[in-house]
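One structure is given here, and the rest of the page talks about it.
Quick caveat: nothing in here was measured; it's all calculated off a predicted structure. Letters A, B, ... mirror the listed sequences (proteins, then strands); counts begin at 1.
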Number of protein chains: 2
Amino acid sequence: MSKQLSGDLARADSLAREIFSDIANKWALLIIETIGDATKRFTELKVEVDGISHKMLTQNLRLLERNGLVVRVVHPTVPPRVDYTLTEPGQALRATVDAMCDWTQRYLGEIEEARSRFTG
Amino acid sequence: MSKQLSGDLARADSLAREIFSDIANKWALLIIETIGDATKRFTELKVEVDGISHKMLTQNLRLLERNGLVVRVVHPTVPPRVDYTLTEPGQALRATVDAMCDWTQRYLGEIEEARSRFTG
DNA sequence: CAGAATCCGCGTGGATACTG
DNA sequence: CAGTATCCACGCGGATTCTG
């Protein structure tokens, strides 16, 4: 089934590859996870995605917006307020990121052990 | 269910975060996809994971090996031959990467359209 | 063939300061 | 508060060379 897909990604279709490369970076994925099915403000994300810089947050939010994974709602109040929410494609991607998170949790022990065994 | 997990990743547990950061990069994921359930040689991977440099390939293979996601079998022949295979944790991760590939394929159109609509 | 090592440019990404 | 802009260091990552 994804024999085809993995082939496409590893080799050919430049659009699919470009999207994959955009998406497959830790900040983008962590932001998606953090928004979840909620609506979050910029500052909330800044706090909850720990370690992320102001710059990386805006940058990746723009990236996600550009690809239609999040919607950005600006409230013309003062002080300004901007809400971020996942779109349906974004939610669908989140499901797969959830799976990666589950994986991490599930194999935490094995990985830790593999590391200690690794004489590198 | 992954309310907890995403929280852990976004914030706290440094080990989980470290692993996630290791894994969530395009080269590592593409390599995992490319190995699949087969056994691949270094050169095969070099060819099939297109655009990857010699250096990035070795580097990421070491990373995956260190975390116990691939096994590296050296055949003491001349010229040397090295085989790479996914471990069980590696295979489990591959399943989630497959999901990401499916997602990319599924939403290709939406994303393309979102991009053209995006006035940035 | 697999990979270690070296050199080095360029982009990533942090810190800071400034607008609306 | 959210976002843009500027500056700059550091490290990613490519190209090349050298071993076993």
Side-chain angles (χ1 to χ4, degrees), chain A residues 10 14 17-18 20-32 34-35 38-67 69-86 118-120, chain B residues 10 14 17-18 20-32 34-35 38-67 69-86 118-120:
Chain A
S14 58
R17 264 300 287 275
E18 193 190 330
F20 190 84
S21 298
D22 273 10
I23 294 314
N25 88 66
K26 75 171 179 177
W27 290 133
L29 296 183
L30 283 175
I31 290 173
I32 288 175
T34 304
I35 297 181
T39 294
K40 302 255 183 173
R41 305 182 52 171
F42 185 86
T43 316
E44 291 182 278
L45 291 173
K46 178 79 175 62
V47 171
E48 294 179 27
V49 181
D50 105 343
I52 198 170
S53 70
H54 192 100
K55 187 179 177 180
M56 281 302 97
L57 183 53
T58 37
Q59 206 166 96
N60 281 280
L61 281 172
R62 285 292 170 282
L63 181 73
L64 295 174
E65 187 190 3
R66 185 172 107 84
N67 287 305
L69 304 190
V70 305
V71 277
R72 178 167 168 272
V73 178
V74 183
H75 297 87
T77 60
V78 43
R81 174 200 179 96
V82 181
D83 288 335
Y84 292 95
T85 321
L86 292 184
F118 185 73
T119 55
Chain B
S14 58
R17 265 298 289 273
E18 194 190 328
F20 191 84
S21 299
D22 272 9
I23 294 314
N25 88 67
K26 76 172 179 179
W27 289 134
L29 295 182
L30 284 174
I31 291 172
I32 288 175
T34 305
I35 296 180
T39 294
K40 303 257 183 170
R41 304 182 52 172
F42 184 87
T43 315
E44 291 183 278
L45 291 173
K46 177 78 175 62
V47 171
E48 293 179 26
V49 181
D50 106 343
I52 198 170
S53 69
H54 193 100
K55 186 180 176 180
M56 281 301 98
L57 183 53
T58 38
Q59 206 166 94
N60 280 280
L61 281 172
R62 284 292 170 283
L63 181 71
L64 294 174
E65 188 190 2
R66 183 172 107 86
N67 287 305
L69 304 190
V70 305
V71 277
R72 179 168 168 270
V73 178
V74 183
H75 298 87
T77 60
V78 44
R81 174 200 179 95
V82 181
D83 288 335
Y84 292 94
T85 321
L86 293 183
F118 186 73
T119 55

Original post:
Can you find a heavy atom in the side chain of B:Val73 that is under 4.5 Å from one in the side chain of B:Thr85?
Top reply: no

Original post:
Taking atom P of C:dG14 as reference, at what distance in whole Å does atom CG of A:Leu57 sit?
Top reply: 11 Å

Original post:
Could you state the CZ-C1' distance from A:Arg81 to D:dG3, rounded to the nearest angstrom?
Top reply: 16 Å

Original post:
Picking from B:Leu69, B:Asn67, B:Asn60, what satisfies side chain to side chain contact (heavy atoms under 4.5 Å, CB included) with B:Asp22?
Top reply: B:Asn67

Original post:
Over how many whole Å does the gap from A:His75 atom NE2 to D:dC1 atom P extend?
Top reply: 16 Å

Subject >> Separation of C:dG11 C1' from A:Leu63 CG (nearest whole Å) >> reply: 16 Å

Original post:
A:Lys26 has an atom NZ; how far is it from atom P of D:dC12, in whole Å?
Top reply: 11 Å

Subject >> Nearest-angstrom distance from the residue atom NZ of B:Lys46 to C1' of D:dG13 >> reply: 13 Å

Original post:
Given C:dC1, is OP1 or OP2 found less than 4.0 Å from the side-chain N or O atoms of B:Tyr84?
Top reply: no

Original post:
How about B:Ile31 and B:Leu64: do any of their side-chain heavy atoms sit closer than 4.5 Å?
Top reply: yes

Original post:
Separation of B:Arg41 atom CZ from C:dC1 atom P, in whole Å?
Top reply: 8 Å

Subject >> Approximate separation, where rounding is to 0.5 Å, of B:Thr58 OG1 and B:Leu63 CG >> reply: 11.5 Å

Original post:
Do you know which of A:Arg72, A:Lys40, A:His75 makes side chain to side chain contact (heavy atoms under 4.5 Å, CB included) with A:Asp83?
Top reply: A:His75

Original post:
Can you name the closest pair of heavy atoms from B:Leu45 and B:Tyr84 and give their distance?
Top reply: CD1-CD1, 4.2 Å

**OP:** Can you check each nucleotide of nucleotides 14-20 of chain D against protein heavy atoms at under 4.0 Å and return B for base, S for sugar-phosphate only, - for none, in 5' to 3' order?
**Re:** BB----B

Subject >> d(CG, A:Asn25; P, C:dG11) in whole Å >> reply: 18 Å

